[in-house]
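Comments concern the structure below.
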Protein chains: 2
Amino acid sequence: MSQENAIEFPEASFGDAGMGSARPDAEPGGGMPGLGPARPVNLRELVYDQLKDAFMVGYFAPGDYLNLRELADRFETSITPVREAVRRLVAEGALIDAPGRALRVPPLRRSRLIDLRQARIGIESMVTEMAVQRARPQDLDKLEAILDEAVSKSPKSPIDELTSNRKFHFTLYGIGGSPTLFRIIESLWLQYGPFLNLIHYTIDPNIRGSHKDHRRIIAAARDGDSGAARQALVADISRSFDILDAYTQKPR
Amino acid sequence: MSQENAIEFPEASFGDAGMGSARPDAEPGGGMPGLGPARPVNLRELVYDQLKDAFMVGYFAPGDYLNLRELADRFETSITPVREAVRRLVAEGALIDAPGRALRVPPLRRSRLIDLRQARIGIESMVTEMAVQRARPQDLDKLEAILDEAVSKSPKSPIDELTSNRKFHFTLYGIGGSPTLFRIIESLWLQYGPFLNLIHYTIDPNIRGSHKDHRRIIAAARDGDSGAARQALVADISRSFDILDAYTQKPR
DNA sequence: TTCGTATAAAATATCACAAATAACATATCA
DNA sequence: TGATATGTTATTTGTGATATTTTATACGAA
């Protein structure tokens, strides 16, 4: 792993519901803790959730290799639940089967970057427009609160940065109200995560997000202007892809 | 299963590359048989491919229950590769974990139908526009050939119908050139498949597709008119969802 | 020194089986 | 008769063992 000395492997507490009610298919009882369906959480899901978090916050870098035994040791389970979690990540494009029975984070490839950019812009902008059309004032207040909290935190580590960015985006997409598209966006972000690692740990460790685009999205949503919200989102997404694009074209 | 007496479980030959070169990430050596990477295909992938086909051609109906042991017996493997294939289908939304340790095809729900419709229209129309912008004349000739072949076949079974429809669509989306979006569309069709079962085996066993929209897509593409192609595609997709929508609202 | 072959090590894929869990059937009680 | 308790059965989930494949290493021959 490329982060042995930089960040801890994410240790989400097992009782943590992650993004809470950001999900568009959140249970109706979501507002009352403990009143969701009583359902055991199996090891496979627990392992997957942790790997998912790790991917989305950029714990893995493009080209990294993974190994079922090491992961099983780390999670203190047998190989099977790890394998099932990992197979799912392969299906979602976050990992590939590399030659030699290896599991690998897809290496940096310009064609893939372009493809992912296109997919993210196409789908996330669609869902942003949907969110603008559906948003109630309290939804936007919540987005504003997430932004305010992000701004008030200081100093910012890359993890803090990425976590609040992710929270903003997924709250927004949750408002869009499409569980199907929300899930698809999650899989896109799983693929995107290693590129975030590249930006924050290789390209420019001092880079910090500007919240300007996020503010514009909220303002546009308050005006019911889905076109403007879309534009702000596209600008936001494009910013990081431009950095990555330049990096792939830099002679090295 | 709802089809015990209607159709055979799809038995794709193991050497069959499925849609062949329709995939946008087809190997560069695709034009020369046998010169792709030499790579063993494991049981898990074989099982998954067959289940994928089964889903897409509407072998399963909304609400069907599946069972690992039965599937393992049918595929003549142990449970493990079946389990891994099935977990993937769960991740893709084609199956859900039902209460009581069961695996279930998601039941018919209007909200889900609407969500899937929206996702399909949003994403597939985007890829259609991309395809129009990228298509070479021979690509369109190929689409035309698929259509001609579909028309010349008679009589048409639902399976023939669905297979040629699928071939048309996926060839079109492959021309779009985005492996990421292509894979997403596949997962949408996995979810859509059981609704096809409903249309062809419950709602109207005599229904047959009209190729009119497909023809319009090709004509628009020849004119380089991505807007018209988009409209034709949206009409095509909407047609079946309208039938399903009416069915869910019919008092029964 | 280079190349070919054999062997060992490492990693995944599959299998067999035990444990956990939920549903169902049956018996008992009020 | 309906409600509750208990036992049985079916199915998934997780563990550990085994099989298979790939890579690394050692050794001998040219």
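Here is the naming used below: chain letters follow the sequence lines, and residue numbers restart at 1 for every chain. In this text, all values refer to a predicted model and were calculated from it rather than measured experimentally.
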Over how many whole Å does the gap from [X] atom [atom1] to [N] atom [atom2] extend?
{"X": "L71(A)", "N": "dA11(C)", "atom1": "CG", "atom2": "P", "result": "12 Å"}
{"X": "L46(A)", "N": "dT13(D)", "atom1": "CG", "atom2": "P", "result": "13 Å"}
{"X": "E45(B)", "N": "dT14(C)", "atom1": "CD", "atom2": "C1'", "result": "14 Å"}
{"X": "L43(A)", "N": "dT13(D)", "atom1": "CG", "atom2": "C1'", "result": "8 Å"}
{"X": "D73(A)", "N": "dA10(C)", "atom1": "CG", "atom2": "P", "result": "14 Å"}
{"X": "E84(A)", "N": "dT15(D)", "atom1": "CD", "atom2": "P", "result": "11 Å"}
{"X": "F75(A)", "N": "dT15(D)", "atom1": "CZ", "atom2": "P", "result": "13 Å"}

Practice problem: Kindly say if T80(B) contacts the phosphate of dT14(C), meaning a side-chain N or O under 4.0 Å from OP1 or OP2. | Solution: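 So the side chain of T80(B) is outside the cut-off, no N or O lying under 4.0 Å from OP1 or OP2 of dT14(C).
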
Quiz item: Between R166(A) and D53(A), is a salt bridge (charged side-chain N to carboxylate O under 4.0 Å, His left out) present by the stated rule, with each step listed?
Solution: CA-CA 10 Å; R166(A) 176 182 166 193; D53(A) 282 347; 3.0 Å; yes

Practice problem: Flag the pair M126(B) / I123(A) as yes when at least one side-chain heavy-atom distance between them is below 4.5 Å, and no otherwise. | Solution: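 Yes, close enough: below the 4.5 Å cut-off.
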
Exercise. Quick one: pull up CG in L95(A) and CZ in R87(A) and give me the separation to the nearest 0.5 Å.
Key: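 Reported value, rounded in 0.5 Å steps: 9.0 Å.
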
Listed pairs, N/O of protein and of nucleotides 9-12 of chain D, under 3.5 Å:
{"unit_1": "dT11(D)", "atom_1": "OP1", "unit_2": "N67(B)", "atom_2": "ND2", "d": "3.0"}
{"unit_1": "dT12(D)", "atom_1": "OP1", "unit_2": "L68(B)", "atom_2": "N", "d": "2.9"}
{"unit_1": "dT12(D)", "atom_1": "OP2", "unit_2": "L68(B)", "atom_2": "N", "d": "3.3"}
{"unit_1": "dT12(D)", "atom_1": "O2", "unit_2": "R101(B)", "atom_2": "NH1", "d": "3.2"}

Quiz prompt | Parallel, tilted or perpendicular, as decided by the 30° and 60° cut-offs, for the rings of F55(A) and F60(A) | solution =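 Aromatic pair F60(A)/F55(A) classed tilted.
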
Self-check item: Parallel, tilted or perpendicular: rings of W189(B) and Y192(B) (30°, 60°)
Solution: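 If you compare the ring of Y192(B) with that of W189(B), the planes turn out perpendicular.
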
Quiz item: From dG14(D), dC15(C), dT15(D), pick the nucleotide closest to the side chain of T77(A)?
Solution: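 Closest nucleotide to the T77(A) side chain: dT15(D).
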
Quiz item: Do E161(B) and N165(B) have side-chain atoms, one donor and one acceptor, less than 3.5 Å apart?
Solution: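 Looking only at side-chain atoms, N165(B) and E161(B) do not form any donor-acceptor pair under 3.5 Å.
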
